[in-house]
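As the structure lists them, so they are numbered: ligands from 1, and atoms in each ligand from 1.
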Amino acid sequence: MGKGKSKVVCGYPLSIFFIVVNEFCERFSYYGMRAVLVLYFKYFLRWDDDLATSIYHTFVALCYLTPILGAIVADSWLGKFKTIIYLSIVYAVGQVAMAVSAIHDITDSDRDGTPDSMTFHIVLSMVGLFLIALGTGGIKPCVAAFGGDQFGEHQDRQRRTFFSVFYLCINGGSLLSTIITPVLRAQECGIYSKQKCYSLAFGVPAALMVVALVVFIIGSGMYYKAEPQGNIMLDVCKCIGFAIKNRYRHRSKQYPKRQHWMDWAEEKYDKLLIAQIKMVLKVLFLYIPLPMFWTLFDQKGSRWTLQATTMDGNFGALVIQPDQMQTVNPILILTLVPIMDSLIYPLIKKCGLNFTPLKRMTVGMLLAAIAFVCAALVQIQIDVSTKQLLHSSPYILSGQGFIYFKLTIKGKANSDSTTVHNTDKATFTLRSGSQSCEYSTNFGFGSSYTFFIHSTLVFGSNCQDSVTAVEDIKPNSVHMALQIPQYFFITAGEVMFSVTGLEFSYSQAPSNMKAVLQAGWLFTVAIGNFIVLIVAELAKIPKQWAEYVLFASLLVAVCVIFSIMAYFYTYIDPTEIEAQFKKKINEDDEDDKSKPGKAEVEMVKRDSIKCHDEYDKATQTKM
Ligand SMILES: CC(C)C[C@H](N)C(=O)N1CCC[C@H]1C(=O)O
């Protein structure tokens, strides 16, 4: 049985259907908007690459920092349900603000197709992004924890499946939106003049966020809504502060040691609260090495995409752009999560191996390290086949009656005069006044040519004989398909690390701090992002393959540390511990009523010993 008033379908509370659909729409909204954001900065707001990149990464990092705020509000004040509703409204307003900020007609009073007051568009879009960061980050830990809350005590298996489906929805939504919003952006729209349609590319994610909110509200009557238990975070901070102060005051050897430094708060604070803080601190301590995983993971969008630009994306009927390779990650998630859950994990269990969550996370980290070794091997291949400069054309041919122009081949068809985006045949028109002639040739992906046009060219005749194409840079010869193994390993790693981590954070959190621990988990993603930013600034390793190997080695080192920490971690059942504490407190209350006047100090001591016993009994399983 689930915990809410929800019907149960195939052992699952129906209420979680609304939660996973909400997550799907929300992730569509978030990743869809993110997919076109840098281009919006660059082409609509006319920012340079550096400013666009910095603001983009700051926004992403903010989205993974605000979960702390959302979690505190949810666990201490509003509860998860209300927090999700209120912050979803903030989020939707932010998305609408983005869509409106991208309507160039609003300030285009001279109707020339460009906004007249860029300040208006910049301010509105920054306000929009701030609201989105607050909304998406704020609700993220709450939605996952709220989903977990819907399951009863004996529904561990169902809850694990829920977190897998939840992850599938994240990636289903993001995959769909990263395909759709760039298409919407490429449309032309406008009242007075036609421009690239950023307003539509932001408008559809805004609409999806409204759908997410509506779906969540529809499920309202079915949810189990745990009530927040007062300002828990303030209590936690005060309790930790008191324990530290009290320990310091009793630092002399004459005072007997206590089992845990948090036990120094026993004189003033509830033992249940102390036990709950111990649970949270143990998990947070375990999180310390985790950002390194995300540091490697997040380089898909930077280093790996740059690597793809030096590769051949011609897949026959399909020409894949370097940044499109990133969609391999959500596609693989959609295939690997069901395979892991229904095949690999049960098989491992059948072999008699106890593949605990922390072991899974450790293996996930190792797989990510292997992914970077694969990336290094691909890089070595690229370096070996590195394009050599075949000619210094101008010097060889200058003064011989030629005019020349240079051309670089990037991908996809475009009529630009000096950059051709195609690997097939391209046709150029040479014009002089009203006269013209055409020249066509085949190009390879990533190649560069210098075209020499004979000064004897006669328009009207065939250009073909009057143009000489000289290959300066060879086409990319290493195929983008070679990146698939690295994507496979990083995604398999993500499934083991991230899906498990999400569930682990929920199952090991005390009931009143579920969202807080989810936020702690998301905080590791934020730190990972920051490390990428710092490394991008500082890394001065000349060989890219060596940098990949360095990251792989760092993750292996961190993984060893994590596995040692994990070995000493004992799994707990917070519900059981909390129930025992509550039972004992009730018993003591009864005792106190029957035996008034007992010495208080003695009682505190006895309680403390009992509580330790209960805590120890409930924390038995190792890594
Ligand atoms: C980058 C992909 C589109 C999404 C990724 N596989 C993923 O699910 N996540 C990356 C950070 C955590 C998680 C998410 O919640 O978005």
Side-chain angles (χ1 to χ4, degrees), residues 19-20 22-37 56-57 59-67 70 132-133 135-145 147 163-182 205 212 287 290-305 323-337 340 361 364 367-368 371 486-506 518-532:
I19 296 171
V20 293
N22 166 278
E23 183 67 11
F24 178 90
C25 298
E26 188 277 322
R27 286 288 96 180
F28 182 110
S29 181
Y30 173 72
Y31 280 112
M33 184 274 307
R34 229 178 82 164
V36 294
L37 195 57
Y56 172 83
H57 282 294
F59 166 71
V60 174
L62 201 62
C63 290
Y64 285 101
L65 285 177
T66 46
I132 293 170
T136 184
I139 64 171
K140 199 153 170 54
C142 303
V143 178
F163 279 109
S164 296
V165 175
F166 189 77
Y167 217 80
L168 285 178
C169 287
I170 292 175
N171 286 274
S174 70
L175 175 63
L176 215 63
S177 66
T178 35
I179 293 170
I180 292 174
T181 45
Y287 283 173
L290 303 190
M292 201 61 207
F293 173 89
W294 296 112
T295 302
L296 271 74
F297 181 84
D298 284 325
Q299 293 190 41
K300 285 188 293 81
S302 48
R303 291 278 192 258
W304 287 16
T305 304
D323 47 352
Q324 284 177 329
M325 272 308 278
Q326 287 181 61
T327 54
V328 173
N329 169 255
I331 292 172
L332 280 175
I333 288 275
L334 295 179
T335 27
L336 285 179
V337 168
M340 292 282 192
M361 288 167 72
L367 289 175
Q486 68 204 56
Y487 270 98
F488 173 81
F489 282 113
I490 201 104
T491 312
E494 183 191 355
V495 173
M496 291 204 171
F497 180 85
S498 187
V499 182
T500 313
L502 206 63
E503 207 272 328
F504 175 80
S505 307
Y506 181 87
Q518 286 294 325
W521 170 255
L522 294 168
F523 190 64
T524 66
V525 184
I527 302 291
N529 261 284
F530 276 123
I531 300 177
V532 181

Whether Thr500 side chain and Phe497 backbone form a donor-acceptor pair below 3.5 Å = no
If you count the atoms of ligand 1 from 1 in the order shown, which ones are under 4.0 Å from a heavy atom of Glu494?
-> 5 (C), 6 (N), 7 (C), 8 (O), 9 (N)
Ring centres of Trp304 and Tyr487 under 6.0 Å apart?
-> yes
Between Glu494 and Lys300, is the closest basic N to carboxylate O distance under 4.0 Å?
-> no
Nearest candidate to atom 9 (N) of ligand 1, where distance is taken over non-hydrogen atoms, out of Tyr167, Trp521, Tyr64, Phe297 | Tyr167
Got the closest protein heavy atom to atom 15 (O) of ligand 1, with its distance?
-> Lys140 NZ, 2.8 Å
Check: Thr524/Tyr64 side-chain N/O donor and acceptor closer than 3.5 Å | no
For atom 14 (C) of ligand 1, which candidate among Phe166, Tyr31, Tyr30 holds the nearest heavy atom?
-> Tyr31
Side-chain donor/acceptor of Thr327 to backbone N/O of Gln324, under 3.5 Å = yes
Residue, atom and distance of the protein heavy atom nearest atom 8 (O) of ligand 1 read Asn171 ND2, 3.1 Å
Side-chain touch Leu290/Trp521, heavy atoms, less than 4.5 angstrom | yes
Could you check atom 3 (C) of ligand 1 against the protein and tell me its nearest heavy-atom contact, residue, atom and distance included?
-> Ser174 OG, 3.3 Å
Could you check atom 2 (C) of ligand 1 against the protein and tell me its nearest heavy-atom contact, residue, atom and distance included?
-> Asn329 OD1, 3.3 Å
